[in-house]
Amino acid sequence: MTRISDVLRVKGLGVSTIDPDALVRELLLVLAAHNIGAAVVVSGTDVVGIVTERDVVRGLHRVGPALLEQPSSSIMSTEVVTCLPEDDVVPVLRTMTERRFRHMPVLDDGTSGRMAGIVSIGDLVKARIGELEDEQAHLQSYLAAGP
Ligand code: AMP
């Protein structure tokens with residue numbers, strides 16, 4: 001079983017955050033500079049939303065180029081779904097697939113509200129493929145050993 005903490009160990013801890021008042025053009029700078037698709041929107045120590053490249057695309061379609069001068073809060077999603085380091089990769093992957101989003105912030109623990117990192121659907125698919133390959137190799141060597 002691969003846990004979210006195993007994925008974070010490989011990809012690294014930390015999350016790119018942005019202030020709700022930061023303009024969309026500033027958000028683009030953060031996404032481009034870090035080569036990422038999502039930023040967590042934080043006000044003080046509170047997580048107030050998540051904003052991804054998909055929100056920018058939808059916003060541009062709706063508002064046009066004037067979107068770049070609007071605050072990131074105008075396009076963020078406010079009901080942020082999170083996971084925990086001890087969660088198994090498979091149910092988290094299932095939630096992302098069912099709810100149709102590709103990013104999930106990882107809380108440090110259940111109570112503090114601090115974030116340990118963020119995982120993307122790509123990180124989880126990669127981890128799951130590695131896990132299935134290991135299982136297959138194990139089964140093949142077991143069968144090759146014979147009775
Ligand atoms: P994504 O596929 O991650 O680019 O996101 C698709 C939509 O889901 C966007 O509107 C995001 O703001 C939203 N979204 C992404 N991740 C989450 C999350 N963990 N919790 C809630 N909404 C999210």
Side-chain angles (χ1 to χ4, degrees), residues 1-140:
M1 180 166 102
T2 309
R3 293 182 189 275
I4 295 296
S5 53
D6 301 321
V7 178
L8 285 183
R9 206 168 302 123
V10 175
K11 79 162 288 192
L13 301 169
V15 192
S16 291
T17 59
I18 191 157
D19 191 273
D21 295 332
L23 301 179
V24 171
R25 87 178 136 73
E26 295 169 311
L27 165 71
L28 291 183
L29 204 64
V30 172
L31 299 182
H34 296 98
N35 200 23
I36 52 174
V40 177
V41 187
V42 173
S43 177
T45 52
D46 295 339
V47 172
V48 294
I50 185 166
V51 63
T52 76
E53 53 204 1
R54 188 159 296 178
D55 297 313
V56 177
V57 169
R58 284 195 202 124
L60 280 173
H61 176 67
R62 201 182 61 245
V63 179
L67 180 81
L68 299 179
E69 304 306 318
Q70 291 189 2
S72 299
S73 58
S74 68
I75 56 169
M76 70 185 184
S77 300
T78 51
E79 300 288 315
V80 185
V81 181
T82 58
C83 60
L84 293 171
E86 60 265 31
D87 287 342
D88 180 14
V89 161
V90 174
V92 175
L93 203 44
R94 192 172 299 128
T95 301
M96 282 188 180
T97 308
E98 284 171 2
R99 302 189 66 162
R100 297 185 188 283
F101 51 67
R102 298 165 295 172
H103 301 88
M104 186 122 36
V106 185
L107 292 182
D108 222 355
D109 61 50
T111 52
S112 74
R114 270 183 320 194
M115 283 174 296
I118 187 165
V119 288
S120 72
I121 203 161
D123 299 325
L124 302 191
V125 167
K126 188 174 160 202
R128 186 69 183 127
I129 289 173
E131 192 175 48
L132 291 172
E133 282 173 351
D134 288 349
E135 276 173 27
Q136 190 189 15
H138 183 76
L139 277 175
Q140 276 170 347

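Since we're looking at a predicted model, the values are computed, not measured. Whatever order the structure lists ligands and atoms in, that order sets their numbers, starting from 1. Side chains included, hydrogens not; waters and symmetry mates left out as well; all remaining heavy atoms used.
Checking side-chain atoms of S77 against main-chain N and O of E79 turns up no donor-acceptor pair under 3.5 Å. In terms of modelled atom types and a separation under 3.5 Å, the side chain of T2 and the main chain of A127 share no donor-acceptor contact. Distance alone, capped at 3.5 Å, places no donor-acceptor pair between the D46 side chain and the V48 backbone.
Less than 4.0 angstrom separates some heavy atom of E79 from each of these atoms of ligand 1: 20 (N), 21 (C). Of all the atoms in ligand 1, the ones that sit under 4.0 Å from a non-hydrogen atom of V80 are 20 (N), 21 (C).
When only modelled atom types and interatomic distance are considered, S120 and D123 share a side-chain donor-acceptor pair under 3.5 Å.
Using a 4.5 Å heavy-atom cutoff, the side chains of H103 and I50 are in contact. Within the 4.5 Å cutoff, the side chain of M104 has heavy atoms near those of the T95 side chain. Residues R62 and I75 are in side-chain contact: their nearest non-hydrogen atoms beyond the backbone lie under 4.5 Å apart.
Of the candidates T52, I75, V81, T52 brings a heavy atom nearest to atom 4 (O) of ligand 1. For atom 2 (O) of ligand 1, the candidate residues are R102, H103, M104; the nearest heavy-atom contact is made by R102.
Closest to atom 10 (O) of ligand 1 among all protein heavy atoms lies D55 OD1, 2.5 Å. Looking only at protein heavy atoms, the nearest one to atom 13 (C) of ligand 1 is S77 OG, 3.5 Å. Distance from atom 8 (O) of ligand 1 to its nearest protein heavy atom, with residue and atom name: F101 CB, 3.4 Å.
Residue contacts with ligand 1, taken as heavy atom pairs separated by less than 4.0 Å, involve I50 via backbone and side-chain atoms alike.
Put simply, no part of E53 is less than 4.0 Å from ligand 1, judged by heavy atoms. Close to ligand 1: P105, with a non-hydrogen atom less than 4.0 angstrom away. The shortest separation from a heavy atom of R58 to ligand 1 is under 4.0 Å, placing the residue in contact.
The CD atom of E86 sits 4.5 Å away from the CG atom of L84 when rounded to the nearest 0.5 Å.
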